[in-house]
Trainee: 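I'd like to ask some things about the structure below.
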Amino acid sequence: MFLIPDDPVFKSCFIPLEQPLFYSLQYWYTTELTDSQMRTVRDAYDSWGEIEQMLPLRFRAHVPEAAFEEEDYVLEGVAGQRLTRLYAVEAGDRVRRLEACYTMLRQAQLDGWSNPLADILREINESGSGPDGGEGVDLVDCLRRVLRVLSLQAPPHLLAGIRQAAPAGPVKMMALNAQQEQEYWAYCEKVVHALSAGDRFTYTTHRSLYAV
């Protein structure tokens with residue numbers, strides 16, 4: 001089981017993995033992909049969808065803002081300060097299937113013109129980055145960053161508490177104890193590094209979202 005943050009940077013990588021990436025590969029390029037490639041894409045798409053179903057509605061595209069708070073919970077630190085929420089999600093084989101798809105897609109990018117899949121990925125990237133209609137986003141890199149977060153080991157005491165929180169659990173208000181809060185800050189630092197390392201400005205701006 002792993003923890004997913006209610007983090008706008010994570011969501012900006014996670015949501016576009018369905019549309020345009022997985023959806024386009026599965027339904028628009030069926031004749032261009034080999035049977036093996038299609039199986040890898042289908043397995044990854046199914047795994048992505050299963051993870052999405054375990055998350056609140058805010059992790060889905062085109063969901064009204066009013067629907068968010070009804071299913072959510074409040075997370076507080078020892079001093080009563082409001083914290084960025086985390087959500088516990090069962091991993092199973094889902095991460096492995098997503099990793100297999102990433103490896104295939106990234107290898108196609110590295111192969112360049114010699115791999116037809118590389119041209120397909122360029123077309124999908126240029127078609128738009130998802131809900132905001134942006135262009136030029138490297139969706140394979142989005143998948144890489146999502147996988148970096150999913151590879152983080154959930155701190156045991158923090159995970160034990162978060163598992164009780166909505167929407168998976170019954171708890172609507174959760175106050176962390178001192179040990180859990182210490183694990184929380186260490187984990188969030190790893191999340192920021194996984195998503196934003198490599199660009200000092202982006203990293204600093206992202207990290208400020210978690211500041212008390």
Side-chain angles (χ1 to χ4, degrees), residues 1-65 67-68 71 87-152 167-168 191 194-196:
M1 182 165 281
F2 50 88
L3 293 171
I4 291 180
D6 186 11
D7 181 311
V9 178
F10 179 85
K11 284 183 283 189
S12 72
C13 292
F14 180 81
I15 292 174
L17 293 182
E18 177 184 23
Q19 177 65 278
L21 184 61
F22 292 141
Y23 184 91
S24 299
L25 287 171
Q26 182 161 325
Y27 294 108
W28 295 354
Y29 296 95
T30 54
T31 59
E32 287 89 341
L33 297 181
T34 67
D35 290 344
S36 176
Q37 288 172 332
M38 184 56 71
R39 282 195 298 272
T40 301
V41 169
R42 188 178 298 114
D43 286 346
Y45 196 175
D46 289 345
S47 296
W48 182 95
E50 290 165 3
I51 291 173
E52 182 200 46
Q53 290 300 312
M54 290 184 271
L55 292 168
L57 293 175
R58 67 179 69 251
F59 286 85
R60 304 177 195 179
H62 312 302
V63 175
E65 187 74 23
F68 292 163
E71 58 169 9
Y87 304 100
V89 173
E90 185 62 51
D93 289 332
R94 299 178 184 95
V95 175
R96 178 185 59 80
R97 295 181 187 128
L98 288 167
E99 288 174 340
C101 188
Y102 169 75
T103 298
M104 179 185 74
L105 300 179
R106 182 56 182 151
Q107 187 59 54
Q109 287 183 322
L110 294 174
D111 291 343
W113 63 269
S114 64
N115 191 328
L117 181 53
D119 288 332
I120 292 173
L121 291 172
R122 279 193 290 270
E123 289 181 9
I124 294 173
N125 284 337
E126 291 169 0
S127 72
S129 62
D132 62 359
E135 296 183 356
V137 171
D138 185 349
L139 294 165
V140 178
D141 187 63
C142 286
L143 178 54
R144 177 189 67 84
R145 293 197 284 166
V146 165
L147 284 169
R148 290 190 68 185
V149 174
L150 299 185
S151 70
L152 296 176
V191 167
L195 291 170
S196 299

Trainee: Do the non-hydrogen side-chain atoms of Gln53 and Arg60 ever get within less than 4.5 Å of each other?
Mentor: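 Yes, their side chains come closer than 4.5 Å.
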Trainee: Within a strict 4.5 Å, meaning less than it, do heavy atoms of the Val146 and Leu98 side chains meet?
Mentor: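 Val146 vs Leu98: side chains apart.
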Trainee: Evaluate the side-chain proximity of Phe14 to Ile4: yes if any heavy-atom separation is below 4.5 Å, no if none is.
Mentor: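 Ile4 vs Phe14: side chains apart.
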Trainee: Heavy-atom distance under 4.5 Å between the side chains of Val149 and Pro5, does that happen here?
Mentor: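 In contact.
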Trainee: If you look at every heavy atom in Thr30 and Met38, which pair is closest and at what distance?
Mentor: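 Shortest heavy-atom contact: CA-CE, 3.6 Å.
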Trainee: State, yes or no, whether a side-chain contact exists between Arg148 and Leu195 at a heavy-atom distance under 4.5 Å.
Mentor: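 Result no, sub-4.5 Å side-chain heavy-atom pair not found.
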Trainee: Taking atom CZ of Arg94 and atom CH2 of Trp48, what is their separation to the nearest 0.5 Å?
Mentor: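 Rounded to the nearest 0.5 Å, the CZ-CH2 separation comes out at 13.5 Å.
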Trainee: Rounded to the nearest 0.5 Å, what separates atom CG in Leu150 from atom CZ in Arg145?
Mentor: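 Answer rounded to 0.5 Å: 13.0 Å.
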Trainee: If I compare all heavy atoms of Ile124 with all of Leu21, which pair ends up nearest, and what's the gap?
Mentor: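 In terms of heavy atoms, the two residues are closest at CG2-CA, 4.1 Å.
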Trainee: Applying side chain to side chain contact (heavy atoms under 4.5 Å, CB included), run through Arg58 and Tyr87 and close with a yes or a no.
Mentor: CA-CA 12 Å; Arg58 67 179 69 251; Tyr87 304 100; 3.8 Å; yes
Trainee: Nearest 0.5 angstrom please: Ile51 CD1 to Phe59 CZ, how far?
Mentor: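 The CD1 atom of Ile51 sits 11.5 Å away from the CZ atom of Phe59.
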Trainee: Going by heavy atoms in the side chains, are Phe2 and Leu152 under 4.5 Å from each other?
Mentor: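 When only atoms from C-beta onward are counted, Leu152 and Phe2 do not touch, as no gap falls below 4.5 Å.
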Trainee: So how far is it from Tyr102 OH to Asp141 CG, rounded to the nearest 0.5 Å?
Mentor: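 So the gap between those two atoms works out to 7.0 Å.
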Trainee: If you compare all heavy atoms of Ala44 against all heavy atoms of Cys101, which two are closest, and at what distance to 0.1 Å?
Mentor: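 Shortest heavy-atom contact: CB-CB, 3.5 Å.
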Trainee: With a 4.5 Å cut-off on side-chain heavy atoms, are Glu123 and Trp28 touching?
Mentor: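 No; the side chains remain at least 4.5 Å from each other.
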Trainee: List the residues meeting side chain to side chain donor-acceptor pair (under 3.5 Å) with Arg106, not counting sequence neighbours, and say none if there are none.
Mentor: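 Arg106: side chain to side chain donor-acceptor pair (under 3.5 Å) contacts with Gln109.
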Trainee: For the atom pair CG (Leu139) and CG (Leu121), what is the distance rounded to the nearest 0.5 Å?
Mentor: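 Taking CG in Leu139 and CG in Leu121, the distance rounds to 8.5 Å.
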Trainee: Kindly determine whether Lys11 and Asp6 satisfy side chain to side chain contact (heavy atoms under 4.5 Å, CB included), including the steps that lead there.
Mentor: CA-CA 8 Å; Lys11 284 183 283 189; Asp6 186 11; 2.9 Å; yes
Trainee: As a quick check of understanding, evaluate side chain to side chain contact (heavy atoms under 4.5 Å, CB included) for Asp46 and Arg42, giving each step before the final call.
Mentor: CA-CA 6 Å; Asp46 289 345; Arg42 188 178 298 114; 4.1 Å; yes
Trainee: Taking all non-hydrogen atoms of both residues into account, name the closest pair between Leu105 and Leu25 and its distance.
Mentor: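 Scanning both residues, the minimum pair turns out to be CD2-CD1, 4.1 Å.
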Trainee: Measuring from Leu147:CG to Arg96:CZ, what's the distance to the nearest 0.5 Å?
Mentor: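 One finds 13.0 Å between CG of Leu147 and CZ of Arg96.
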Trainee: Any idea which heavy atoms bring Ala118 and Ala108 closest together, and the distance?
Mentor: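 Here Ala118 and Ala108 meet closest at CB-O, 3.2 Å.
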Trainee: Please examine the side chains of Thr103 and Thr40, heavy atoms only from C-beta on, and report whether any two atoms are closer than 4.5 Å.
Mentor: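 SC-SC contact between Thr40 and Thr103 ruled out.
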Trainee: Is it true that Arg39 and Asp43 have a side-chain N and a carboxylate O under 4.0 angstrom from each other?
Mentor: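 Asp43 and Arg39: not salt-bridged.
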